[in-house]
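To start, the structure under review is shown below, and the notes come after it.
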Amino acid sequence: MNPKEISFYDKVYEIVRQIPYGRVTSYGAIAEFLGRKGSARMVGYAMNHAHQYEGIPAHRVVNRNGLLTGKMHFHPPTLMQQLLESEGIKVQNDKIQNFKEIFWKPV
DNA sequence: ACACTGACCTCCT
DNA sequence: AAGGAGGCCAGTG
């Protein structure tokens, strides 16, 4: 499709797809990469629609504190944590422990 | 075309 | 240190 046809959401999905296995990133990092630094909400809102797409590891996207804020949008809510743990990511109290180490920033 | 919504972030008490 | 409010802007009704 033409670049003009690509919407903001699609860009977000493309970034999320590039997140390596066992790594995570934050909404703010994606927003900043897209040039909408203060618009981290848009990224999160885009993830809300990501369910209708496939191949989008939405569980690898968390907030600035490494907290699984969007887990309640998974079914069941514990799925997000399970997916992260299955990738070797340690999660405790809905928070990623070694968040700073496995943090991945879009190039 | 206007108003409201929202998986966040930062600043201000 | 903890809580509240505002700002950001693309989609949807």
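Every chain is numbered from 1, with letters handed out A, B, ... down the list of sequences.
The CE atom of A:M47 lies 8.0 Å from the NE2 atom of A:H51; values are rounded to the nearest 0.5 Å.
The aromatic rings of A:Y45 and A:Y9 stand perpendicular to each other, their planes meeting at an angle above 60°, with 30° marking the opposite boundary.
For A:R23 and A:E87, the salt-bridge test fails: no basic side-chain N is under 4.0 Å from an acidic carboxylate O.
Atom-to-atom, CZ of A:R41 to P of C:dA5 comes out at 15 Å; the value is rounded to the nearest Å. At whole-Å resolution of the value, OH in A:Y13 and C1' in B:dA7 are 11 Å apart. Separating the CD1 atom of A:I30 from the P atom of C:dC9 is a distance of 17 Å, rounded to the nearest angstrom. As a whole-Å value, the separation of A:R64 CZ from C:dC8 C1' is 17 Å.
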Each nucleotide N or O in nucleotides 10-13 of chain C that has a protein N or O under 3.5 Å away: list the pair and distance.
| unit_1 | atom_1 | unit_2 | atom_2 | d |
| --- | --- | --- | --- | --- |
| C:dG11 | OP1 | A:F8 | N | 3.4 |
| C:dG11 | O4' | A:Y9 | OH | 3.4 |

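Note on A:H51: a base of the nucleic acid sits closer than 4.0 angstrom, heavy atoms only. Residue contacts shown for A:A31 are absent, as no nucleic acid heavy atom lies under 4.0 Å away. Using a 4.0 Å heavy-atom criterion, one finds that A:N63 contacts the sugar-phosphate atoms exclusively.
Counting non-hydrogen atoms of neighbouring residues, nucleotides and ligands closer than 6.0 angstrom, the CD atom of A:Q52 exceeds 12 such neighbours.
Between A:E14 and A:Q18, the side chains place no donor N or O within less than 3.5 Å of an acceptor N or O (distance only, hydrogens not considered).
Cluster annotation: A:F99 is connected to A:I89 through the hydrophobic network of ILVMFWY side chains, with a link wherever side-chain heavy atoms come within less than 4.5 Å.
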